[in-house]
Amino acid sequence: MAFDSFAQFLRALDTAGELVRVTQPVATELEITELADRQMKSPGGGKALLIEKPTVNGQVCPFPVAINTLGSWKRMALAMGAESVDAVAAELGLLLKAKPPMSFREAIKLLSTALDLRHAKPKLVKDGPCQEVVHKFDPIAPRTEPWPPAPTIADSESPISAPLPTLLDLPILKCWPLDAGRFITLPCVVTRDPDTGQRNVGMYRMQVYDTRTTGMHWQLQKVAARHGRRYYERGERMPVAVFLGGDPVFTFAATAPLPDGLDEFLLAGYLRKQSVPLVPCVSCPLEVPANADFVIEGYVDPAEPLREEGPFGDHTGYYSLADMYPVFHLTAMSMRRDPIYPHTIVGIPPMEDAYIGEAIEELFTPILRKQFPEIVDMHMPVWGCFHNVMIVAIRKAYPGHARKVMHGIWGLGQAMFTKLIIVVDHDVNIRNYGELVWRASNSVDYSRDVEIVKGPVDDLDHASVLPRYGGKMGIDATTKWPSEGYTREWPEIIRMSDEVKKRIDSLWPSLGLD
């Protein structure tokens with residue numbers, strides 16, 4: 001199902017009993033974080049929250065804040081218009097197995113798949129709701145103080161009136177006490193490779209410095225940072241467009257670890273079964289979804305000195321340290337007449353990003369298995385903050401197979417940041433942590449089965465010896481073979497015979513033990 005607006009998605013959550021409306025004023029400084037954190041840590045992810053009267057510096061803001069909207073399996077499935085995330089993953093897996101049809105029935109089925117894919121390609125349109133209100137900024141020194149409070153929706157047919165708002169007037173949260181300031185936490189950042197024209201949509205937090213500038217936290221290994229290097233080499237400013245809201249699959253697509261060069265709007269179109277309508281920006285040569293709630297346009301000048309960004313309470317559960325990052329300059333802001341500001345918070349797991357991360361895991365395991373057919377299952381425990389721990393079950397076929405898988409994963413895009421990879425046999429239930437610890441710990445000799453390597457690590461890794469460079473470990477917890485130098489006899493796992501199990505099954509109802 002495609003959502004024509006973020007508000008339509010929120011109405012669907014409301015109908016499903018997944019949304020709580022908060023009518024009392026709640027401060028964007030810390031208070032919304034505490035409210036949302038309690039929901040996110042509730043069983044099953046709690047409820048989504050619509051803060052109808054967020055306050056900025058004590059003044060009620062006219063733009064409601066929605067938070068924790070993807071923070072449960074049910075809400076993730078609703079965002080994708082599906083019964084479950086598993087159903088979407090299964091559909092994607094079938095698509096990857098597509099082969100030439102051998103019968104008329106298979107031809108019809110393949111045609112149906114092709115028609116679905118036809119909707120994946122984005123389409124350019126002339127205008128859209130995201131540009132119902134447009135404000136272009138003059139190239140003059142920006143104001144350092146926020147504008148007076150805008151009128152509430154009840155005061156006017158349009159929630160916006162002159163003077164139009166700047167970044168300081170949006171309900172952007174200061175999430176945690178030691179944060180350096182307010183951060184935009186769900187920005188979908190659009191950039192384009194100046195050589196190939198390939199587009200990228202990523203998610204990089206943005207610290208608000210003043211009315212017209214923010215930090216741009218794209219790490220050196222990210223696609224947008226690579227685009228920036230090319231603009232630097234060309235001596236040109238880099239156009240950047242940021243959008244918030246719209247169909248919730250946009251947020252998911254921006255966080256997904258797609259192969260380099262694959263347009264995130266293709267994934268969004270596939271998931272929503274409808275092309276993403278894109279409108280040209282008003283001040284830069286990029287396109288954004290026509291049904292977004294907010295659009296923030298501008299540029300990054302690669303020749304400009306970097307600026308300190310952070311600290312920021314991050315998904316590791318620690319504050320990420322202050323560091324130097326590019327500066328984004330605002331040239332235009334547009335929005336719907338009735339926009340809703342989407343937000344999230346990150347911190348000590350579990351948080352809303354746990355469900356986004358696990359949905360990515362479900363959807364992209366079929367793609368990983370396409371690259372590594374030996375992989376039976378893959379899991380990134382939320383308490384490992386995703387990139388810190390990956391557990392992989394493989395169908396072992398040759399000596400050193402586990403190590404081949406480890407190094408293959410470290411060579412795959414953002415998987416390079418994985419600090420610990422544990423490889424186990426195909427019959428281990430890697431989501432049953434008790435079984436996992438039992439099987440893995442009994443199958444390891446740590447003087448033989450541990451692989452230590454050095455390479456790139458996440459910018460947020462405060463434990464590495466050097467920033468962005470450190471050690472990673474792989475553990476081969478598979479059954480060891482003689483061809484791998486194991487000269488002893490590997491013991492059998494204790495299991496009862498099927499005959500005895502069936503006998504006790506037949507007796508069980510009469511024993512009164514349930």
Side-chain angles (χ1 to χ4, degrees), residues 1 70 73 76-101 106 109-121 201 249 251-273 353-382 384 386-387 389-397 401-402 404-418 421-432 436:
M1 174 184 176
L70 299 177
W73 280 114
M76 277 301 314
L78 281 169
M80 296 179 183
E83 289 294 323
S84 68
V85 176
D86 289 342
V88 181
E91 181 183 344
L92 186 59
L94 288 174
L95 179 65
L96 293 172
K97 293 177 182 178
K99 57 185 179 180
E106 288 187 10
K109 187 174 182 180
L110 189 59
L111 176 62
S112 174
T113 300
L115 289 174
D116 281 344
L117 288 178
R118 180 187 63 188
H119 295 303
K121 187 176 180 180
V201 185
V249 301
T251 298
F252 180 78
T255 61
L258 292 180
D260 198 356
L262 184 60
D263 192 343
E264 284 77 10
F265 288 135
L266 284 173
L267 174 62
Y270 170 77
L271 291 173
R272 71 202 299 265
K273 300 284 192 298
D353 63 349
Y355 295 92
I356 299 173
E358 289 187 9
I360 288 173
E361 177 184 304
E362 288 288 330
L363 263 64
F364 283 83
T365 295
I367 297 176
L368 188 65
R369 292 176 67 182
K370 195 74 174 176
Q371 183 81 10
F372 302 100
E374 61 268 50
I375 290 180
V376 174
D377 200 4
M378 181 271 290
H379 180 48
M380 298 176 291
V382 63
F386 303 109
H387 61 266
V389 181
M390 181 185 293
I391 305 159
V392 183
I394 67 168
R395 199 172 295 277
K396 189 171 175 177
H401 201 160
K404 176 261 188 184
V405 170
M406 294 173 197
H407 288 280
I409 290 172
W410 280 320
L412 284 178
Q414 300 305 308
M416 74 174 91
F417 298 135
T418 310
I421 300 175
I422 303 172
V423 184
V424 297
D425 289 313
H426 69 278
D427 59 342
V428 178
N429 181 355
I430 60 177
R431 287 172 173 75
N432 181 329
L436 173 67

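We number each residue from 1, following the sequence as shown.
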> Among Thr251, Asp353, Leu78, Val249, whose side chain to side chain contact (heavy atoms under 4.5 Å, CB included) with Leu70 holds?
Replying inline: Thr251

> So which of Ile422, Ile409, Ile430, Thr418 actually passes side chain to side chain contact (heavy atoms under 4.5 Å, CB included) with Val392?
Replying inline: Ile409

If you define the side chain from C-beta out and look only at heavy atoms, does anything of [X] sit under 4.5 Å from [Y]?
| X | Y | result |
| --- | --- | --- |
| Phe372 | Leu412 | yes |
| Phe252 | Met80 | yes |
| Asn429 | Leu436 | no |
| Met406 | Val423 | yes |

Identify, with sequence neighbours excluded, every residue that meets side chain to side chain contact (heavy atoms under 4.5 Å, CB included) alongside [X].
| X | answer |
| --- | --- |
| His401 | Glu374, Ile394, Lys396, Ala397, Tyr398, Lys404, Val405 |
| Val85 | Trp73, Met76, Ala359, Glu362, Leu363 |
| Ala254 | Cys188, Val201, Met203 |
| Arg369 | Thr365, Ile375 |

Can you list the residues that meet the salt bridge (Lys or Arg N to Asp or Glu O under 4.0 Å) rule with [X], with sequence neighbours excluded?
| X | result |
| --- | --- |
| Asp263 | Arg199 |
| Glu358 | none |
| Asp427 | Arg439, Arg495 |

Distance-minimising heavy-atom pair for [X] and [Y]:
| X | Y | value |
| --- | --- | --- |
| Trp410 | Ala415 | CD1-O, 3.9 Å |
| Val389 | Pro381 | O-CD, 3.6 Å |
| Pro366 | Ala89 | CG-O, 3.9 Å |
| Ala253 | Leu267 | CA-CD2, 4.1 Å |
| Ala77 | Ser84 | CB-CA, 3.7 Å |

>> To the nearest 0.5 Å, what is the distance between CE on Met390 and CE on Met378?
In response: 5.0 Å

>> Just verifying a value: how many Å separate Phe364 CZ and Met380 CE, rounded to the nearest 0.5 Å?
In response: 10.0 Å

> Who passes side-chain hydrogen bond (donor to acceptor under 3.5 Å, both in side chains) against Gln414, sequence neighbours left out?
Replying inline: Lys222

>> My understanding is that only residues two or more places apart in sequence, or in another chain, count here; which of them pass side-chain hydrogen bond (donor to acceptor under 3.5 Å, both in side chains) with Arg431?
In response: Glu361, Asp377

> With sequence neighbours left out, what residues match His426 under ring pair (Phe, Tyr, Trp, His ring centres under 6.0 Å)?
Replying inline: none

